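Bear in mind the structure is a predicted one, so any value in this text is a computation, not a measurement.
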Amino acid sequence: MSVPLFLVEALPTGDVFTLDGPEGHHAATVQRLRVGEELLLADGRGGTATAVVTAVGRGTLELRIASLEYDDASDPRLVVVQGIAKGDRGELAVQAMTEVGVDEIVPWSAARSVVQWRGERGGRAREKWVATAREAAKQARRPWLPVVAGAPDESTARVAKRISGAAAGFVLHEEATVGLSTVELPLDGEIVLVVGPEGGITPDEVTTFEAAGARAVRLGPAVLRTSTAGVAALAVLSARLHRW
């Protein structure tokens, strides 16, 4: 069984460290780690520390730092523009995409998004995505925490601008004739993948993204839900880029 991972603002600079706050409470009180057990500390920016519990307090752990490591950021970076979905489908997508290795997630206010993120509601919804990505990264033992970027509801125009500056852009579309498994991929830079909401992507949106340099692609004959399409596409890209 792999050791648990806990996120910290910065890795320890010495041989000992106190894990407190919410992460310390979770480690000591919820997971009930004991003296002699190992855990990982991660700063979410590629750095990790292997530590051994030397003492357990009330909501805190005293740790001895055994080793420090650093993982380089992935290149190419995988960025998913996720159409805002109703209910918990967006959070399900964020959770699963984080587990399979997405580097950045951009909430997109698509024409067919039933739910619109506006004002305080949009801020709260976006923070749920951030929290979901954080917890999924811990579960997956990821040294890099994926970024939830952009405004709470990025516009189609801003998504197109992001695509125009990327090394490659792909739009998942059920009417596309080219498979994601066959298109040419860049060796570095940013790959932007657009996933529509429940109602799909409109023809005008496809046209806008293609004008920005994206290519419409499909995964297969089945039409996937918005909560699973991005995950499936990331799996294809991860295998092709030899991440897996």
Side-chain angles (χ1 to χ4, degrees), residues 1-80 82 88 90-106 124 126-149 188 190-191 227 230-231 234-235 237-244:
M1 182 177 178
S2 57
V3 297
L5 181 146
F6 300 93
L7 288 169
V8 293
E9 289 297 322
L11 291 182
T13 57
D15 296 331
V16 295
F17 183 76
T18 300
L19 182 64
D20 53 16
E23 293 291 80
H25 170 78
H26 189 76
T29 307
V30 180
Q31 294 204 3
R32 296 179 180 273
L33 295 182
R34 294 294 178 254
V35 172
E37 292 189 274
E38 282 193 350
L39 58 82
L40 284 176
L41 302 175
D43 60 8
R45 300 178 296 278
T48 56
T50 301
V52 179
V53 179
T54 58
V56 180
R58 187 170 184 175
T60 65
L61 295 180
E62 298 299 326
L63 307 173
R64 173 176 57 83
I65 306 304
S67 64
L68 295 172
E69 294 185 9
Y70 180 81
D71 287 75
D72 291 330
S74 298
D75 191 23
R77 294 183 75 247
L78 299 179
V79 179
V80 175
Q82 175 67 52
D88 63 353
E91 290 167 46
L92 289 173
V94 169
Q95 179 184 45
M97 290 191 296
T98 298
E99 291 174 2
V100 299
V102 71
D103 296 304
E104 187 172 334
I105 304 168
V106 180
R124 289 194 300 269
R126 183 182 182 280
E127 286 306 309
K128 282 186 178 181
W129 282 26
V130 172
T132 299
R134 179 184 174 90
E135 292 306 310
K138 289 169 57 178
Q139 178 68 33
R141 314 294 193 269
R142 288 189 54 177
W144 281 90
L145 188 63
V147 176
V148 179
D188 51 29
E190 188 172 275
I191 298 175
S227 56
V231 182
L234 285 169
L237 293 174
S238 294
R240 294 194 60 199
L241 294 170
H242 305 292
R243 288 191 177 196
W244 290 7

Name the atoms and distances for all side-chain donor-acceptor pairs under 3.5 Å in residues 14-25, with sequence neighbours left out.
from : atom 1 : to   : atom 2 : distance (Å)
T18  : OG1    : E62  : OE1    : 2.8
T18  : OG1    : E62  : OE2    : 3.1
E23  : OE1    : K138 : NZ     : 2.7
E23  : OE2    : L7   : N      : 2.7
E23  : OE2    : K138 : NZ     : 3.2
H25  : ND1    : T29  : OG1    : 3.4

Donor-acceptor pairs under 3.5 Å, side chain of residues 237-244 to any protein atom, not counting sequence neighbours: which ones?
from : atom 1 : to   : atom 2 : distance (Å)
S238 : OG     : L234 : O      : 2.8
R240 : NH1    : L180 : O      : 3.0
R240 : NH1    : V183 : O      : 2.6
R240 : NH2    : V183 : O      : 2.8
R243 : NH1    : G101 : O      : 2.9
R243 : NH2    : P76  : O      : 2.9
R243 : NH2    : D103 : OD2    : 2.6

Within the side chain of E91, is there an N or O that forms a donor-acceptor pair under 3.5 Å with the backbone of D88?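 Looks like no, no N/O pair under 3.5 Å.
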Under the 3.5 angstrom rule, does the side chain of R34 hit a backbone N or O of V56 as a donor-acceptor pair?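 Flag not set: sc R34 to bb V56 has no pair under 3.5 Å.
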How far apart are the closest heavy atoms of [X] and [Y], and which atoms are they?
X    : Y    : value
Y70  : R45  : CE1-O, 3.2 Å
P143 : D43  : O-OD1, 4.4 Å
W129 : I105 : CZ3-CG2, 3.9 Å
A27  : F6   : CB-CZ, 3.4 Å
V80  : M97  : CG1-SD, 3.6 Å
P12  : I65  : CG-CD1, 3.6 Å

Separation between [atom1] of [X] and [atom2] of [Y], rounded to the nearest 0.5 Å:
X   : Y    : atom1 : atom2 : value
E99 : R141 : CD    : CZ    : 11.0 Å
S2  : E38  : OG    : CD    : 11.5 Å
E69 : T48  : CD    : OG1   : 5.0 Å
E9  : L41  : CD    : CG    : 12.5 Å

Under the side chain to side chain contact (heavy atoms under 4.5 Å, CB included) test, which residues partner A133, sequence neighbours left out?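 Result, side chain to side chain contact (heavy atoms under 4.5 Å, CB included) vs A133: V94, T98, P146, V148.
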State, yes or no, whether a side-chain contact exists between L63 and V53 at a heavy-atom distance under 4.5 Å.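 L63 reaches V53 side chain to side chain.
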